[in-house]
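Here is the structure we will look at.
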Amino acid sequence: MANKHEGFVTEITPRSEDFSQWYLDVVRRAELADYSPVKGCMVIRPYGYAIWELIQQALDVRIKATGHVNAYFPLFIPESLLHKEAEHVEGFSPQVAYVTHGGGEELEERLVVRPTSEAIVGTMYAKWVQGWRDLPILINQWANVVRWEKVTRPFLRTTEFLWQEGHTAHETEAESEAETLKILDLYAEVCETILAMPVVKGRKSESEKFAGALRTYSIEALMGDSRALQAGTSHNLGQNFAKAFDITFQARDKSVQHVWGTSWGVTTRLVGAVIMTHGDDSGLILPPLIAPYQVVVVPIGRDNWRETVLPKAQEIKAGLAAAGIRVTLDERDERPGWKFAEWELRGVPLRLEIGPRDIEKSQVLVARRDTREKIGVPMEGLAGRIKELLGDVQRTLFDRARAFRDDRTRRASSYEEFKKLMEGRPGFVVASWCGSAACEAQIKTDTQATLRNMPLGSATPTGACVRCDSPAAAEAWFAKAY
RNA sequence: CGGGGCGUAGCGCAGCCUGGUAGCGCACCUGCCUUGGGCGCAGGGGGUCGCCGGUUCGAAUCCGGCCGCCCCGACCA
């Protein structure tokens with residue numbers, strides 16, 4: 001019974017004590033993932049994978065609804081293909097894993113384990129595109145990729161990770177730009193409405209853009225420790241890859257032109273983002289829309305509860321399931337208090353307690369994970385009421401996260417003020433920026449903060465750069481980031 | 001790649017300094033008892049002490065080497 005005020009869960013480091021350890025504790029204790037024998041690689045356990053599957057479904061539906069189709073490109077890429085786009089190679093070569101042997105023999109040409117698929121996709125698109133009628137190509141793939149990382153953390157950065165990567169080809173720059181922004185909106189919508197995680201949409205600086213892209217856009221979120229996390233990126237590749245891979249088409253005006261490309265992706269990192277956005281000292285808190293179980297039913301009773309209470313609990317479970325609610329019934333031989341703590345740790349949005357007293361009153365007791373409120377709910381019309389409550393939890397989580405983010409977003413008008421605000425763990429600091437890489441780098445040296453992005457729709461600032469006296473070119477959001 | 005820490009039961013750790021039959025808590029198994037916030041009692045199973053070598057009558061412990069993992073910083077989703 002230690003930690004009574006902290007929510008009854010032991011073996012989790014309090015967030016205030018060590019956020020990073022708290023995160024690792026939650027991942028382990030909630031059985032989301034486990035370390036594998038290979039450094040930097042993790043096993044995504046069933047509960048963690050179920051969350052990913054729900055995120056995946058939400059994305060997949062939307063990606064298809066915007067006209068894209070899924071396909072699959074191979075894991076191995078001949079080394080020479082990766083080297084076709086100069087900036088791209090330079091960006092990725094330190095992180096690439098190679099296959100040197102196969103079938104007991106050394107390979108004539110080493111194979112790259114894809115760190116991303118632009119090279120192989122570009123190679124294929126060159127074969128598939130002849131004329132303007134072949135465009136656009138709108139392909140997405142769900143895949144694993146490998147990037148040899150020096151520092152890894154479960155979900156946030158692992159050597160191998162799962163993601164979705166879209167690769168499109170268009171006739172004009174206007175189309176590729178529209179596509180890039182359309183996907184950025186799609187990502188933001190999924191993060192906000194499904195993950196209940198507010199994000200800032202914006203453009204990356206030159207130094208932070210994708211290797212080989214013309215422009216990179218990102219969505220940025222603020223985690224519970226006030227550090228920023230890049231939650232997704234969408235790149236307008238311009239004609240860079242088309243030129244490197246010779247993807248040409250005959251245009252409407254009979255001229256031969258290079259296609260305009262885009263690529264965009266989100267990863268299993270989103271699972272980590274959800275943990276760090278909503279979790280508390282008792283463990284995970286899952287937004288209902290991605291909770292593998294939205295409701296857990298816990299039967300309560302004396303030694304004969306299996307006879308007296310369980311049938312009613314089963315009936316309730318069946319009723320909720322029939323109404324399309326993801327529900328589980330915990331009929332293990334454990335004490336109720338133990339089960340409460342266990343399901344709180346796993347972040348189940350609603351716990352439904354049913355005991356003799358409730359049966360008498362023809363009601364159930366519903367406990368909300370987000371607010372810890374306990375509410376008596378009549379058995380009559382239960383499913384409808386539960387759906388309302390799930391919607392309310394979803395909204396509450398988003399509102400809470402947005403209030404947290406807004407509360408930690410400040411504006412700096414002088415460099416002194418900027419540096420002062422960046423002390424400790426401040427969240428976002430908004431400032432005008434001249435656009436020079438030198439200022440960006442100096443800010444990083446002075447404060448450890450990086451330019452997260454330049455939000456879309458910000459008015460062009462009229463004043464001077466927060467760091468130098470040159471005229472400001474853009475409004476930028478800075479933060480210490482993951 | 002730099003800095004730090006740690007490898008002893010599934011998990012968390014003690015034992016190491018000062019060598020002498022490997023321990024604690026949780027978890028697990030059996031039984032009883034209990035059940036509206038991680039009950040209680042009794043019994044039980046489980047470890048080549050990261051690996052290799054050395055010193056010694058004897059090494060988890062001392063010495064040398066290696067390997068691995070975690071955390072924090074520079075680079076990246």
Side-chain angles (χ1 to χ4, degrees), chain A residues 1-13 18-21 23-25 28-29 31 34-41 90-96 115-116 145-165 187 204 207-211 216 218-221 229-235 263-273 282-283 298-306 308-309 332-345 351-359 364-365 367 372 374 376 444-445 448 450 480-482:
Chain A
M1 284 305 293
N3 270 342
K4 185 150 190 165
H5 304 287
E6 298 300 325
F8 315 101
V9 173
T10 54
E11 291 182 45
I12 294 183
T13 307
D18 184 345
F19 191 86
S20 174
Q21 191 58 51
Y23 175 79
L24 294 168
D25 290 346
R28 181 175 49 85
R29 290 271 297 133
E31 299 183 351
D34 202 355
Y35 296 108
S36 86
V38 179
K39 175 178 163 59
C41 294
E90 199 191 327
F92 278 105
S93 60
Q95 296 183 282
V96 164
T116 178
V145 288
V146 167
R147 296 181 188 176
W148 220 259
E149 298 286 353
K150 288 172 178 142
V151 178
T152 60
R153 313 181 73 191
F155 293 110
L156 299 178
R157 176 169 298 108
T158 47
T159 300
E160 178 187 3
F161 57 91
L162 306 183
W163 75 348
Q164 122 326 275
E165 53 177 323
Y187 286 162
K204 283 288 195 184
S207 59
E208 298 263 345
K209 77 171 190 197
F210 178 73
T216 288
S218 74
I219 48 172
E220 303 281 335
L229 182 80
Q230 179 172 299
T233 47
S234 186
H235 318 289
S263 69
W264 27 273
V266 296
T267 76
T268 34
R269 168 180 271 192
L270 288 178
V271 177
S282 298
V298 178
I300 292 164
R302 305 229 156 244
D303 49 4
N304 59 344
W305 66 272
R306 282 188 183 277
T308 55
V309 179
R332 290 176 294 180
D333 278 318
E334 299 287 355
R335 298 169 64 83
W338 188 89
K339 294 178 181 176
F340 295 172
E342 177 79 5
W343 291 109
E344 279 169 12
L345 169 63
R351 179 181 68 241
L352 213 147
E353 301 172 25
I354 172 85
R357 296 208 292 270
D358 301 301
I359 293 176
V364 296
L365 212 52
R372 295 189 178 283
K374 282 198 185 189
K444 187 171 181 183
T445 305
Q448 295 173 9
T450 50
K480 294 176 185 171
Y482 274 93

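Letters go in sequence order (proteins before strands), and every chain restarts at 1.
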Taking the side chain of [X] as heavy atoms from C-beta outward, which of [options] is closest to it?
X        : options                : value
A:Asp303 : B:rG36, B:rU35, B:rC76 : B:rU35
A:Arg351 : B:rG37, B:rC76, B:rU35 : B:rG37
A:Glu149 : B:rG37, B:rA77, B:rU35 : B:rA77

Self-check item: Under the ring-ring contact (aromatic ring centres under 6.0 Å, His included) test, residues paired with A:Phe210 that sit two or more places apart
Solution: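 A:Phe210 satisfies ring-ring contact (aromatic ring centres under 6.0 Å, His included) with A:His88, A:Phe92, A:His235 once adjacent residues are dropped.
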
Quiz item: Got a sec, which residues hit ring-ring contact (aromatic ring centres under 6.0 Å, His included) with A:Phe19, two or more places apart in sequence or on another chain?
Solution: A:Trp22

Self-check item: Closest non-hydrogen atom pair, A:Pro154 against A:Tyr23
Solution: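 Heavy atoms of A:Pro154 and A:Tyr23 come nearest at O-OH, 2.7 Å.
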
Quiz item: If you take all heavy atoms of A:Thr159 and A:Thr152, which pair is closest and at what distance?
Solution: OG1-CG2, 4.0 Å

Self-check item: Value in whole Å for how far the P atom of B:rC11 lies from CD of A:Glu31
Solution: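 Result: 13 Å.
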
Quote, to the nearest angstrom, the [atom1] distance that separates [N] from [M].
N      : M      : atom1 : result
B:rU61 : B:rC32 : P     : 45 Å
B:rC52 : B:rG45 : P     : 28 Å
B:rA27 : B:rG36 : C1'   : 25 Å
B:rG20 : B:rC63 : P     : 15 Å
B:rG64 : B:rG46 : P     : 36 Å
B:rC13 : B:rA60 : C1'   : 15 Å
B:rC71 : B:rG12 : P     : 13 Å
B:rG7  : B:rC17 : P     : 15 Å

Kindly give the atom pairs (protein nitrogen or oxygen, nucleotide nitrogen or oxygen) under 3.5 Å for nucleotides 66-72 of chain B.
unit_1, atom_1, unit_2, atom_2, d
B:rC69, OP1, A:Lys39, N, 2.9
B:rC72, OP1, A:Ser20, OG, 2.8

Quiz prompt | Pairing residues for A:Lys209 by the salt bridge (charged side-chain N to carboxylate O under 4.0 Å, His left out) criterion, not counting sequence neighbours | solution = A:Glu87, A:Glu206

Quiz item: Quick one: salt bridge (charged side-chain N to carboxylate O under 4.0 Å, His left out) partners of A:Lys444, sequence neighbours excluded?
Solution: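 With neighbours one apart ignored, the set is empty.
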
Exercise. Verify the contact: side-chain N or O of A:Lys444 to OP1 or OP2 of B:rG73, cut-off strictly under 4.0 Å; return yes or no.
Key: no

Quiz item: Does B:rU35 have OP1 or OP2 sitting under 4.0 Å from an N or O in the side chain of A:Arg302?
Solution: yes

Exercise. Could you list the residues that satisfy side chain to side chain donor-acceptor pair (under 3.5 Å) with A:Trp163, not counting sequence neighbours?
Key: A:Glu165

Self-check item: 5' precedence on RNA chain B between A:His235 and A:Gln448 (nearest-nucleotide basis)
Solution: A:Gln448

Quiz item: For A:Gln21, which residues count as a side-chain contact (heavy atoms from CB on, under 4.5 Å) partner, sequence neighbours excluded?
Solution: A:Thr13, A:Asp18, A:Leu24, A:Asp25

Exercise. For A:Asp303, check side-chain contact (heavy atoms from CB on, under 4.5 Å) against everything at least two apart and list the hits.
Key: none

Quiz item: In the strands shown, is B:rG64 matched to any nucleotide by a Watson-Crick or G-U wobble pair with both distances under 3.5 Å, and which?
Solution: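 B:rC52 - that is the nucleotide pairing with B:rG64, both distances being under 3.5 Å.
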
Self-check item: Strand partner of B:rG37, provided both Watson-Crick or wobble distances fall under 3.5 Å
Solution: none

Report each atom pair, protein N/O against N/O of nucleotides 39-47 of chain B, whose distance is under 3.5 angstrom.
unit_1, atom_1, unit_2, atom_2, d
B:rC39, OP2, A:Arg335, NE, 3.3
B:rC39, O4', A:Arg335, NE, 3.1
B:rC39, N1, A:Arg335, NH1, 3.3

Quiz item: Got a salt bridge between A:Glu342 and A:Arg351, using NZ or NE/NH1/NH2 to carboxylate O under 4.0 Å?
Solution: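 A:Arg351 and A:Glu342: not salt-bridged.
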
Quiz item: What nucleic acid atoms does A:Asp358 come within less than 4.0 Å of, heavy atoms only: base, sugar-phosphate, or nothing?
Solution: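 A:Asp358: base contact, heavy atoms under 4.0 Å.
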
